[in-house]
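Report on the following structure.
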Amino acid sequence: MRLTILNRIGLISHAKKDKTFFFIKNLIGRKPHNTDLFKLAFTHKSNTTNHRNNERLEFLGDAILDSIMSDILYKRYPYKPEGELTHYRSNVVKRSSLNKIAISLGISEMLIVAPKASISIRMYGDMLEAFIGALYLDQGYRFTYHFVKDKIVDALISEEDLTRHHNYKSKLLEWGQQQRKEIQFSEEKDATDEEIFVATICIDGKKSATGKGKTKKESHNNAAHIALKELGQE
């Protein structure tokens, strides 16, 4: 009887220990080589144990995800101009989209935070990027590419979501009204390409961001998108 109880205790302990292992195995369809790498990807900076958290993996995953999405979009839309492809990519890698994807994949359930830390939905998107970084290190670029394509782009993102256009200029102007900031737009032709407009945004007389586009409207919108990111509003 005692041996049976000890065995059960051992099994429970083993199950807890391997929670990340089984989660990753079920998610990607194969065993991870380094489970600790994924545990690190799920560890928020509020958990200061050994001063290790997922920020470095988030940095790596952000770059890997951008690279993979650029490749997927370049091949999927062979006749779309650079500005359109950039917009489509931003629809996937923007924070609100990453948060939703992390929840859909169940990654949000794996978050490791300090006991009294408040949880923000933004943490989920950060975790997803860190997971992509860990997956790249653990399984390589080719496997990560197919995971992103099959499990994220094809499975979770509709054509409408991918190609939807956002009016970032209106959003920036609305923010300016709320904050009582004067926002001015100006544009000029690109010095190296007469078909491209370069828009400049000034907030309270100070240059904030620039953006390019095939039309004045597109350049304004792209510049507004960059400004919103720098302001922490996107």
Side-chain angles (χ1 to χ4, degrees), residues 19-20 23-24 26-28 32 37-48 52-73 85-138 144-168 170-172 174-175 178 221-222 224-234:
K19 179 182 177 181
T20 304
F23 174 80
I24 296 300
N26 289 334
L27 181 60
I28 71 175
L37 195 60
F38 291 98
K39 288 179 181 177
L40 184 61
F42 299 148
T43 302
H44 184 254
K45 64 181 179 181
S46 64
N47 191 313
T48 57
R52 301 188 70 208
N53 57 61
N54 62 9
E55 288 185 328
R56 281 171 52 83
L57 284 173
E58 180 190 342
F59 164 79
L60 177 61
D62 175 65
I64 297 297
L65 185 58
D66 268 2
S67 173
I68 291 173
M69 284 307 308
S70 297
D71 186 80
I72 290 172
L73 294 171
L85 296 178
T86 299
H87 178 78
Y88 294 171
R89 183 180 63 193
S90 71
N91 282 343
V92 177
V93 302
K94 65 182 180 180
R95 188 58 44 190
S96 59
S97 294
L98 295 180
N99 294 337
K100 292 176 183 177
I101 292 168
I103 293 171
S104 296
L105 293 175
I107 288 175
S108 57
E109 300 296 323
M110 302 299 292
L111 179 64
I112 301 171
V113 296
K116 296 183 179 180
S118 58
I119 296 177
S120 165
I121 192 172
R122 182 183 175 86
M123 295 178 182
Y124 300 153
D126 295 342
M127 276 177 67
L128 177 61
E129 289 181 329
F131 164 77
I132 295 296
L135 188 62
Y136 162 71
L137 293 175
D138 193 70
T144 306
Y145 178 97
H146 287 288
F147 178 88
V148 171
K149 182 178 182 300
D150 299 339
K151 300 289 188 178
I152 295 179
V153 178
D154 293 346
L156 300 176
I157 301 172
S158 68
E159 186 74 11
E160 181 182 356
D161 290 334
L162 189 63
T163 59
R164 181 183 292 130
H165 282 266
H166 298 269
N167 194 335
Y168 295 111
S170 292
K171 185 174 180 180
L172 179 63
E174 182 181 345
W175 173 86
Q178 293 173 347
N221 206 47
N222 288 338
H225 190 195
I226 294 170
L228 286 166
K229 284 184 176 181
E230 292 179 351
L231 291 166
Q233 300 298 310
E234 176 59 29

Q) To the nearest 0.5 Å, what is the distance between NE2 (His225) and CG (Asn167)? A) 12.0 Å
Q) Which residues pass the side chain to side chain donor-acceptor pair (under 3.5 Å) test with Ser120, sequence neighbours left out? A) none
Q: Give the minimum heavy-atom separation between Ser108 and Ile103, together with the two atoms involved.
A: OG-CA, 3.6 Å
Q.
Using 0.5 Å steps for rounding, measure from the CG atom of Leu37 to the OG1 atom of Thr20.
A. 11.5 Å
(Q) Please find the pair of heavy atoms, one from Tyr168 and one from Ser90, that lie closest to each other, and give the distance. (A) OH-OG, 4.2 Å
Q) Of the options Val153, Ile68, Val92, Leu162, which is the one that meets Leu73 in a side-chain contact (heavy atoms from CB on, under 4.5 Å)? A) Leu162
Q | Where Ala130 and Ala41 come nearest, the two heavy atoms and their spacing | A | CB-O, 3.4 Å
Q) Rounded to the nearest 0.5 Å, how far does CG of Leu111 lie from OG of Ser46? A) 7.5 Å
Q.
Listing request: all salt bridge (Lys or Arg N to Asp or Glu O under 4.0 Å) pairs with a residue in residues 99-116, at least two apart in sequence or in separate chains.
A. none
Q) Considering residues at least two apart in sequence or located in another chain, which fulfil the side chain to side chain donor-acceptor pair (under 3.5 Å) criterion with Thr86? A) Glu82
Q | Under the side-chain contact (heavy atoms from CB on, under 4.5 Å) test, residues paired with Lys151 that sit two or more places apart | A | Phe147
Q. Are any side-chain N or O atoms of Thr43 and backbone N or O atoms of Ile112, one a donor and one an acceptor, separated by less than 3.5 Å?
A. no
Q: Sequence neighbours left out, what passes side chain to side chain donor-acceptor pair (under 3.5 Å) with Glu159? Give chain and number order.
A: Tyr77
Q) Can you name the residues that form a salt bridge (Lys or Arg N to Asp or Glu O under 4.0 Å) with Asp150, not counting sequence neighbours? A) none
Q.
Once side-chain contact (heavy atoms from CB on, under 4.5 Å) is applied, do any residues pair with Val93, and if so which ones, sequence neighbours excluded?
A. Leu65, Asp66, Met69, Arg89
Q) Can you tell me how far the CG atom of Leu57 sits from the CE atom of Met127, to the nearest 0.5 Å? A) 11.5 Å
**Q.** By side-chain contact (heavy atoms from CB on, under 4.5 Å) - contacts of Leu156 (at least two apart)
**A.** Ile101, Ser104, Leu105
Q: Identify, with sequence neighbours excluded, every residue that meets side-chain contact (heavy atoms from CB on, under 4.5 Å) alongside Ser118.
A: none
(Q) What's the separation between atom CD1 in Ile121 and atom CE in Met123, rounded to the nearest 0.5 Å? (A) 11.5 Å
Q) Do the ring planes of Phe131 and Phe38 sit parallel (below 30°), tilted (30 to 60°) or perpendicular (above 60°)? A) tilted
(Q) A side-chain contact here means heavy atoms from C-beta on lying under 4.5 Å apart; do Arg95 and Glu129 qualify? (A) yes
**Q.** Interatomic distance, Ile107 atom CD1 to Ile132 atom CD1 [nearest 0.5 angstrom]
**A.** 7.0 Å
Q: Only counting residues at least two apart or in another chain, list the ones meeting side chain to side chain donor-acceptor pair (under 3.5 Å) with Arg56.
A: none
Q: Looking only at non-hydrogen atoms, find the nearest pair between Ile72 and Tyr145 and report the distance.
A: CG1-OH, 3.6 Å
Q.
Show the nearest heavy-atom pair for residues Met110 and Phe42, with the distance to one decimal.
A. O-CB, 3.3 Å
Q. Can you find a heavy atom in the side chain of Ile157 that is under 4.5 Å from one in the side chain of Asn91?
A. no
Q. Quick one: ring-ring contact (aromatic ring centres under 6.0 Å, His included) partners of Tyr124, sequence neighbours excluded?
A. none
